[in-house]
Number of protein chains: 2
Amino acid sequence: MGTADPRALWERVADDLRAEINRGDLKAGDPISPEQELADRHGVSRQTVRQALQQLTNEGLLLSGRGRGRTVRSQTRLHWQLSHFETQERHSAEADAWSNGVADQGRNPHQDVTVEINVPTPKVAERLGLNQDDLVVVRRRVRYVDDQAFQLADSYFPESIARGTLLMQPRDVSVPGGILASIGYPQIKIVDEIEIRMPTKEESSKLGIAAGTPVAEHVRTGYGEDGKPLRVMITIVPGDRHVLVYELEAQ
Amino acid sequence: MGTADPRALWERVADDLRAEINRGDLKAGDPISPEQELADRHGVSRQTVRQALQQLTNEGLLLSGRGRGRTVRSQTRLHWQLSHFETQERHSAEADAWSNGVADQGRNPHQDVTVEINVPTPKVAERLGLNQDDLVVVRRRVRYVDDQAFQLADSYFPESIARGTLLMQPRDVSVPGGILASIGYPQIKIVDEIEIRMPTKEESSKLGIAAGTPVAEHVRTGYGEDGKPLRVMITIVPGDRHVLVYELEAQ
DNA sequence: CAGTGGTCTAGACCACGCT
DNA sequence: GCGTGGTCTAGACCACTGG
């Protein structure tokens, strides 16, 4: 007699709603029926409905909030062009590559910068070829687009290179050709490592990341003319707001 | 006389366990106490503990399974070098760039290939500059490492280019310099777009992706000497198994 | 203030993996 | 068979948002 549907009750509810979203019956921004109503309609308890909604939220399809109800999540992503060196400035000057890229897409960028001197984490020390008792200058940037926090971008420089230079200025400095080049250390090679993972609690709160949103941890190591590492930049990139872009040309 | 801890009960349980993991008291592979035991220890109900464990699972910290108990998740990632063109073969020949990269890291790669002719999805049509009534040849590959499914990599070619060539062979073909070059269409430029998101239900089941694991959708478009697109490759990359790597050299 | 989602409990039964 | 996690219910109260 049973219908022999192997899916759990909550999974059927989730599948129903997911199908409505994929089909376009529910569009970005549309409100979802209240939990109690969904429970009545499917003949299940409210907790079961909540499990279904939880699942869809984890898939990045829904947003929720106390008192506000649930809505279908929208995603428009900003393109982040990563294959241009700082030395290949396409713009007049002034702003850095990131700001220019954002402005090109009709959005309004700005960044907050703080500078500190610290001991390197193992991850940074390894990439800069430093010991634990060496020091690094850390430039921590929070990058905003249209006044929403968009990225955490922390740059690490060996203290021996950064001491007494522009790099110690706790503000948004930029010079044509790149800061490192301007102080005598041009970068000739870059290695990017991209890791995909869920955000830590701290990252979630700093960036206002919704549940069900993964991040990319983008680690860029820059090397100088003598082949030694000059800089490590670690950027935390919320997945729902970005597309990372690389353009590669045959030589 | 409340303790005035603003955190919910489940959040305290989660924070406790997360701290144990970060501190190293619980290492990869270690079992977590059973739900009932955690409930008793913290003086909360089993459902509350389950909510905490659910959260940590979504953060990618735990694995679970019926009857098996829960364990701390480990993560060793394979490096995937993406900045080398097919024309820049470093290896004797035979295998493709991906297989070589995997073998270099002491692992054992293989791939299953199927070929079909189909109408392009809008995403593919846009990048190949095709209309909806044009046809594409699709090479679908499931890539395995040590017999575990690792990536879904689908390549799309305009039917006009692929017809009657090696590209129609439903097996793991590879030639020095790349297949496209061997049939008269060398790629001179590549554009990669990387999107970070949660997997669809289908991707999760095909790749055996655990809850709380994001994916990268890597879209590589290859252009020929006349500047026209030749190929789109869409790869679904489980985040817990990969690090994407790009090396960029100054010109 | 009404309605929403968020938290929490107590208890039940089921499905799976192991020994 | 026993212990584990997975599913599900019914009911309660709280916290926030909006009219």
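Owing to the predicted nature of the structure, the values given are computational and were not obtained by experimental measurement. A note on names: the letters A, B, ... follow the listed sequences, proteins ahead of strands, and every chain is numbered from 1.
Residue-level contact check: B:Arg50 touches the bases, meaning some heavy atom is under 4.0 Å from a base atom. Within the nucleic acid shown, A:Ser45 comes within 4.0 Å of at least one base atom, counting heavy atoms only. B:Leu9 comes within 4.0 angstrom of the backbone, heavy atoms only, and of no base. Among the protein residues, A:Gln51 comes within range of the sugar-phosphate backbone only, with heavy atoms under 4.0 Å from sugar or phosphate atoms but none that close to a base.
Legend: residues meeting salt bridge (Lys or Arg N to Asp or Glu O under 4.0 Å) with A:Glu247, ordered by chain and number and at least two apart, are absent. Listed by chain and residue number, B:Arg23 satisfy the salt bridge (Lys or Arg N to Asp or Glu O under 4.0 Å) test with B:Asp25 (two or more places apart in sequence, or in another chain). Every residue two or more places apart in sequence or in another chain was checked for a ring pair (Phe, Tyr, Trp, His ring centres under 6.0 Å) with B:His42, and none qualifies.
Between A:Tyr246 and B:Tyr246, the ring planes are parallel. Angles under 30° get that label, and only those over 60° would be called perpendicular.
For A:Asp40 and C:dT4, the CG to P distance is 11 Å, given to the nearest whole Å. As rounded to whole Å, 16 Å separates atom C1' of C:dG5 from atom CG of A:Leu56.
Here the closest heavy-atom approach between residue A:Leu26 and residue A:Pro31 is recorded as CD2-O, 4.2 Å.
Checked by atom type, the side-chain pair B:Gln55/B:Glu59 shows a donor-acceptor distance below 3.5 Å.
Proximity of a side-chain donor or acceptor of B:Arg77 to a complementary backbone N or O of B:Gly239 within less than 3.5 Å is detected. Side-chain atoms of B:Arg46 do not come within 3.5 Å of backbone N or O of B:Glu37 as any donor-acceptor pair.
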Identify every side-chain donor-acceptor pair in residues 138-145 of chain A under 3.5 Å, counting partners at least two apart or on other chains, and give the distances.
{"residue": "A:Arg139", "atom": "NH1", "partner": "A:Leu167", "partner atom": "O", "Å": "2.7"}
{"residue": "A:Arg139", "atom": "NH1", "partner": "A:Gln169", "partner atom": "O", "Å": "2.8"}
{"residue": "A:Arg139", "atom": "NH2", "partner": "A:Arg171", "partner atom": "O", "Å": "2.8"}
{"residue": "A:Arg140", "atom": "NE", "partner": "A:Glu116", "partner atom": "OE1", "Å": "3.0"}
{"residue": "A:Arg140", "atom": "NH1", "partner": "A:Asp154", "partner atom": "OD2", "Å": "2.8"}
{"residue": "A:Arg140", "atom": "NH2", "partner": "A:Glu116", "partner atom": "OE2", "Å": "3.3"}
{"residue": "A:Arg141", "atom": "NE", "partner": "A:Gln111", "partner atom": "OE1", "Å": "3.2"}
{"residue": "A:Arg143", "atom": "NE", "partner": "A:Gln111", "partner atom": "OE1", "Å": "3.2"}
{"residue": "A:Arg143", "atom": "NH1", "partner": "A:Gln151", "partner atom": "OE1", "Å": "3.1"}

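Between B:Glu37 and A:Arg46, the residue whose closest nucleotide on DNA chain D is further toward the 5' end is B:Glu37. Projected onto DNA chain D by closest heavy-atom contact, B:Ser33 and B:Gln47 fall at different nucleotides, the more 5' of which corresponds to B:Ser33.
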Detail all sub-3.5 Å separations between protein N/O atoms and N/O atoms belonging to nucleotides 17-19 of chain C.
none

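First and last contacting nucleotides of DNA chain D toward chain A (any atom under 4.0 angstrom from a heavy atom, 5' to 3' order): D:dT7 to D:dT17.
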